[in-house]
Amino acid sequence: MTRIAIIGGQLLDPASETLSEGGVFIADGQIIAIGAEPLGFQADEVLQAHGSIVCPGFIDLSVYLREPGYEHKATIASETLAAVKAGVTTLCCQPETNPVIDTPAVVELIRERALSAGRAKVIAFGAISRGLEGRVLSEMYALRRAGCLAVSSGRKSLANALIWRRALEYATTHELSVVVRPQDLDLSAGGCVHEGKVATRLGLPGIPVSAETVMVAQILALVEETGARVHFSCLSTARAAAMIAEARRQGLPVSGDAAAHQLHLTEDAVEGFDPMAHVIPPLRSEADRQGLRQALAEGTIAAVCSDHQPHEADAKCNVFAATESGISALETLLPLTLRLVEEKILPLPRAIARLTLGPAQVLGLPSGRLTLGAPADLCVFDPEAQWTVDETNWLSRGRNTPFWGQRLKGRVRYTLVDGRVVWRA
Amino acid sequence: MSAADMQLDSQGRMRHFLTVEGLSRDWLIKIMDTAESFSSVTQQRVKKVPLLRGKTVVNLFFETSTRTRTTFELAAKRLSADVLNLNVQVSATAKGESLLDTIRNLEAMFVDMFVVRHPDSGAAHFIARHVAPHVSVINAGDGRHAHPTQALLDVFTIRRHKPDFTSLKVAIVGDILHSRVARSQIHALKILGVPEIRVVAPKTLLPVAVVESLGVMPFCDLQAGIEGVDVIIALRLQKERMQGAFIPSEREYYQCFGLTAARLKRASPDCLIMHPGPINRGVEMASEVADGVHSVILEQVSYGIAVRMAIMVLAMGGAE
């Protein structure tokens, strides 16, 4: 196994939220030393990290890799390459593939494809219900044995509160976390943007804040009864974040994440009917953005995810409501997180913790840490390097991003997965 | 780019007519003045002028319409344009051809203007963004977003009776939430300086944040809402609103929001009664009001032709 030394960079430890000088030394796919070079260490390769930050690789709690079933949008190979270019070493894919991830066969197919692509690690979230149809529970024991760490409802829901209760109980039986993208599908029916001032002016059907808070309230009540471990993914409202913060204070085993674009964009991005700003949950009000940022700084939002949803060009070439929702977001994840540091929402080490340790703890993963014996999933990035979001720099198949054409700051120089260099700029 | 920015070219000429929002007061007055000049044409024995001779106008309707389509057709014909009427069922486009392909195919037939109605907000804007430089797009209603020609004919009608917009109080009564007409009217009235615009509806049919986003005062009580107003615009109540649980019944709607002669006593004595049509008598208003002396509902229809002629001529003037 290759021995690698990363030297000259600033080491960022998400657990202590500190920066220090020193090297990281890797053998057998693990971190074997941090700081000074161990005696007798003979590196096969030395990576120079001067002017850069060395930190654990990023763990993205919500992505859509489009395979199997939607290979015209993207593939596991194309998107895991985009991921490692962005410093992401672990991707958690939502179960809305075709067929959905409700059998071990689909989990294995995804694992196989990820392995043969040889870039980022892919963790499949199992479907919470068979076919994601919301009525019959999926075979969670089988999914767990196949490697799922969590079950998710994706952008769907379950038919009623009783089935939610059963699903939470049954997932707990098999020690599975439950990932919920909270949205009451009746309250959101027909909507495509935040129900607010822009929706009113443009006459676009709105999705009220209550579509999210009603679902969060319902799930929290059921968590109180069942003790299920629930992770609320892709939060969009300040109110829901506050409800989750309160539940955590009461000791409920719940956590949350938000997509990077929710921490920056608001409903105003929809102006001019820009289909690139068509995303579910919708971009909300300025007050929501502020509330989410505060929840991120405080830790209620433990992770920033990309909610990466690559699309083919045609999917976005239509009248706003008829376009498919979603943003291709892997490659903007780090720059947008760094922008939060620049805007003084949280210090750099804590911001990186939200991309590493935070999501690792949500799923109980050993990665996301800069500690001895941790898997050598690492990212070396230059926080000052600027680049333009354009075809020369973009690797995802999906070019559907509202940041297209913009200058962003933060560029990955090296990405390592299990001690192997999988990306070099 | 917002719809407002797209509709004027770099020389400030009109290129498309997509929304009232963002147009200047001068533009609205220019449209109304041009329409005035055409209103005599529509009453002549020979009702034609050659301003659009040799031009091809396509009425592209993805949603059924009688009044708007007919008045657009008449307007185009009185301008001597060739007119093609296309009713495209949205279900048919969903089956195969995309909206963009439909547009591209029609463009290939060398048309000069699209008059578009579509059930989705932003449709006219989308088409305008993708058409060839010589093609003008006129929005004949997109989803809940805008119906700018209707708004122009409404303010044209108001001006005929009450020329000083800056002293008016206007109430718009009915399904504001789903109404593109209301949104365009509000913009037009504000641009022309109307100091007080009220929207009157049950809470289920009022959009959120109307004050900050549209600058109008919401009322849930008809009597209070029409107190002292100079113009009342009633909106059509779609039959399907009962299904979405917006209102329990037409009967109850009429009891609360129907305009009757007795209720109109709260408004200014010479209050104009308007409606974009088609009217549901006994739902939005009583026949005594629809046919009453202050009703200008049929005038609205007549003026619709002159106003649409004006807009077509102005928009074609900005095309390359």
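These figures come from a predicted structure and were not determined experimentally. Naming: A, B, ... by sequence-line order, numbering from 1 per chain. FYI, side chains are in, hydrogens and waters are out, and symmetry mates aren't considered; it's all heavy atoms of this structure.
Neither the backbone nor the side chain of A:Pro208 comes within less than 4.5 Å of any heavy atom in chain B. Of the two parts of B:His178, neither the backbone nor the side chain holds a non-hydrogen atom closer than 4.5 Å to a non-hydrogen atom of chain A.
Shortest non-hydrogen contact noted between B:Ser121 and A:Val319 is O-CG1, 3.4 Å.
Put simply, the side chain of B:Arg144 does not reach to within 4.5 Å of the side chain of A:Leu204, judged on heavy atoms. Between A:Pro275 and B:Phe126, every side-chain heavy-atom pair lies at or beyond the 4.5 Å cut-off. Counting heavy atoms from C-beta on, the side chains of B:His130 and A:Cys317 come closer than 4.5 Å.
Other residues, nucleotides and ligands place more than 12 heavy atoms under 6.0 Å from the CZ atom of B:Arg69.
Between the CG atom in B:Leu100 and the CG atom in A:Asn318 there is a gap of 8.5 Å [rounded to 0.5 Å].
A:Thr200 contributes no side-chain N or O that, together with a main-chain N or O of B:Ala209, makes up a donor-acceptor pair within less than 3.5 Å.
Contact count against chain A (heavy-atom pairs under 4.5 Å) is highest for B:Gly122 among B:Gly122, B:Pro207, B:Gly143.
Taking the six-membered ring wherever Trp is involved, the centroid distance between the rings of A:Phe273 and B:His145 falls below 6.0 Å.
Residue-level contacts of residues 179-189 of chain B with chain A, in order of numbering, are B:Arg183, B:His187; threshold 4.5 Å between heavy atoms.
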